[in-house]
Amino acid sequence: MSVERPEPPEYDVVVIGAGFGGLYALYRLRANGMSVHAFESGDGPGGTWYWNRYPGARVDIESMIYSYSFDEDLQQEWKWPEHFSPQPDLERYANHVSDRFDLRKHVSFGATVQRLRFDEPEQRWHIYPDRGDAVTARFVVAATGSLHAVNYPDLPGRADFHGEQYHTARWPGQGVDLRGKRVAVVGTGSTGIQIIPLIAEQAEHLLVLQRTAQFSLPSRNRAMDQEYEREYKANYGKYRQLMRRTETAAVLFGQQQRSIFSVSDEERREILEQAWQSRSGFRLMGSFNDIRTSLEANELVADFVRDKIRETVHDPETAEKLCPRGYPIGTKRLCLDTGYFETYNRENVDLIDLRSEPVELTRHGLRTAEREFDVDVIVYATGFDAMTGALSQIEVTGRDGRRLSEHWQAGPRSYLGLAVAGFPNLLMIHGPGSPSVLAQMIMAGEWQAEWIAALIAHVNSTGAASVDTTSEAEDRWAGEVAAAAARTLYPLADSWYVGANIAGKPRVFGIYVGGFDKYVDACDAAAAADYEGFVLA
Ligand code: NA7
């Protein structure tokens, strides 16, 4: 007797991830008449803004900019309470968009895709989640997020520690009561810098374990200014248009076209001071046009920020430990903070510089060569296996049994950050080789989802079964990405942008920093030239 197995559900497109990129891809592809489904590991939508529930989690791009542009009513009606939105507001927005556009019904929440296999005879992808049925789809859109796969530090003795341990990107939804506890935070990137001041207010004692001091600028966050909001909404069309045409990756921060060497020392200090005091810290980096490209120009700005740290932190020794050195400002993600450096003036806060004072975890806390601390809770603000991590956690098998992990062994390759040779009908949002984390990701994701929807419509209109790219197209694009990076100082830093935070990861700068406008032009030019670099079969 044969047992009949049910046929897997079939879709035109499966989207992996229901963060802001994935949600919009669902919306856009459905509007184009496709049958769509998404798998999302989280129990709700929002991606990064679902997972990062740690105290102080906040976006570092202004709320009026960091939002969807595709629906005029949505952008007019939605009210952002704060100038820089905190995680709960962004998660609320993701839920609102899911409900408003009836997207939730297309998503399997709490389901992580573990395996993706391209079936050549069928010309379809088979998608295997860890929960629920496998499905098939002609196209897969990987909106898996650039910062999803969490990174734990390789601190000696970590398994021995008996207290509570939390990674900031997997922070319990119900929160963690740190009142009266002795807490250690490992990591001083954007996340550490956001959470440290808030933990210091609650904990009996806070120990910060810093491997690399970071540049951070004051966020000057505040309640939304009503007049600013009105003006923004009245001109949204114009601003969104401008964002798509910026060099500065769809973020408007008033990039100036003058060299830092074209002004006197006094003028330079005045200009930097004005930017420092302005409503968006990143304006500092836009004050002159050579900060990202000239080491000498960059060093002047770095000095300005180091002086600010010395002015803020009372203890000179601690201030020096907190002064970033050894990499140009802006080449590791620049942080925005609220009272970060001031936190070190508190009696209940201590800083350990891991490079000069290595730490070993013990059963009850940690010790260095000279000191020992009892600790109740360790918080890991140690970031992510960024850019490729989330997709690399899925076993992806393309044409001829080719594995994506093998294809990317020497570093991620892609054409336009959208497609990978040998993996037909698999398209990426914020893929390596796209502007991704150095763009305003909601806008960039919308733009890519639209481009992908147009590509799929084109494939369908020709009657082709699949679209792939070629190794030559990947090489050509890798050359463009590398050339754009080489014009900047980014490759000089050991950052997660180049994979330096993950042991054994190949060092590749996988972000297109030639300008969001140039990226759009390159993708549009390929489309206009009959999808040059793509092969329809
Ligand atoms: P980041 O920016 O990767 O920061 C992680 C921090 O953790 C950083 O200070 C790291 O030091 C530190 N780290 C990582 N591994 C270790 C080990 N093994 N030992 C000690 N310290 C370690 O992650 P975030 O979550 O802060 O921010 C990610 C992005 O989210 C951010 O850039 C924004 O785009 C939003 P390092 O600098 O590597 O020496």
Side-chain angles (χ1 to χ4, degrees), residues 8-9 11 13-19 21-23 25-26 36-43 45 47-48 50-51 106-120 122 124-151 169-170 384-414 417-434 436-437 445 448-449 452 466 468-469 474 499 502 504-506 508 510:
Y11 297 99
V13 187
V14 156
V15 176
I16 309 179
L23 283 179
L26 275 180
V36 290
H37 192 75
F39 292 97
E40 163 57 52
S41 305
D43 289 330
T48 287
Y50 169 88
W51 291 106
H106 302 296
V107 186
S108 297
F109 288 105
T112 301
V113 173
Q114 295 191 307
R115 206 149 64 81
L116 276 179
R117 181 179 61 80
F118 187 68
D119 185 291
E120 295 214 53
E122 293 175 14
R124 295 183 74 80
W125 282 97
H126 287 238
I127 298 108
Y128 304 91
D130 61 345
R131 273 187 34 206
D133 294 333
V135 304
T136 77
R138 278 191 62 214
F139 294 90
V140 170
V141 174
T144 38
S146 310
L147 299 165
H148 179 74
V150 298
N151 173 43
R170 295 293 178 270
F384 305 87
D385 179 355
M387 315 300 299
T388 51
L391 203 46
S392 300
Q393 284 180 345
I394 302 173
E395 185 187 303
V396 185
T397 312
R399 245 191 241 295
D400 304 323
R402 190 184 306 193
R403 288 285 169 81
L404 187 63
S405 52
E406 284 161 19
H407 191 68
W408 282 358
Q409 208 158 30
R413 295 166 55 77
S414 77
L418 290 160
V420 183
F423 299 84
N425 293 5
L426 172 64
L427 298 153
M428 300 179 292
I429 292 183
H430 303 311
S434 75
S436 64
V437 293
Q448 285 189 317
I452 288 170
S466 67
D468 199 350
T469 185
E474 283 186 337
I502 302 295
K505 201 170 172 179
V508 175

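Counting begins at 1 with the first residue of the sequence.
- Annotation: side chain of Arg170 is in contact with side chain of Trp51 (closest heavy-atom distance under 4.5 Å).
- Shown here for Ala18 and Val107, the closest heavy-atom pair between the two residues is CB-CG1, 4.1 Å.
- Of all non-hydrogen atoms in Asp43 and Gly110, the two that sit nearest each other are OD1-CA, 3.5 Å.
- When the options Leu418, Val141, Leu427 are evaluated for a side-chain contact (heavy atoms from CB on, under 4.5 Å) with Gln448, the one that passes is Leu418.
- Annotation: the span from Gln114 atom CD to Ile394 atom CD1 amounts to 9.5 Å, rounded to 0.5 Å.
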Practice item. Kindly determine whether Tyr128 and Glu395 satisfy side chain to side chain contact (heavy atoms under 4.5 Å, CB included), including the steps that lead there. Key: CA-CA 10 Å; Tyr128 304 91; Glu395 185 187 303; over 6 Å; no

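- Note that the OG1 atom of Thr136 and the CG atom of Asp119 stand 9.0 Å from one another [nearest 0.5 Å].
- For the atom pair OG of Ser414 and CH2 of Trp408, the computed distance is 7.5 Å after rounding to the nearest 0.5 Å.
- Scanning for ring-ring contact (aromatic ring centres under 6.0 Å, His included) contacts around His407 gives Phe423, with sequence neighbours left out.
- Atoms CZ and CG, on Phe118 and Asn425 in that order, are 5.5 Å from each other to the nearest 0.5 Å.
- Looking at residues two or more places apart in sequence or on another chain, you find a ring-ring contact (aromatic ring centres under 6.0 Å, His included) between His37 and Tyr11, Phe39.
- Smallest separation of non-hydrogen atoms from Ser436 and Met387: OG-CE, 3.3 Å.
- A distance-only check finds no donor-acceptor pair linking the side chain of Lys505 to the backbone of Asp385 [under 3.5 Å].
- In terms of heavy atoms, Met428 sits closest to Pro432 at SD-CD, 4.0 Å.
- Residues forming a side chain to side chain contact (heavy atoms under 4.5 Å, CB included) with Asp468 (at least two apart in sequence, or on another chain): Arg399, Pro424.
- Residue Gln409 holds its CD atom at 11.0 Å from OG of Ser392, rounded to the nearest 0.5 Å.
- Taking all atoms of both residues into account, the shortest heavy-atom contact from Gly445 to Ile429 is CA-CG2, 4.0 Å.
- When side chains are defined from C-beta on, Val420 counts as touching Glu474, because their heavy atoms get closer than 4.5 Å.
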Review point. Taking it one step at a time, do Ile16 and Leu116 satisfy side chain to side chain contact (heavy atoms under 4.5 Å, CB included)?
Key: CA-CA 10 Å; Ile16 309 179; Leu116 276 179; 3.9 Å; yes

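- The nearest pair of heavy atoms linking Asp400 to Glu120 is N-OE2, 2.8 Å.
- Atoms CD and OG1, from Glu40 and Thr112 in turn, are 8.0 Å apart once rounded to the nearest 0.5 Å.
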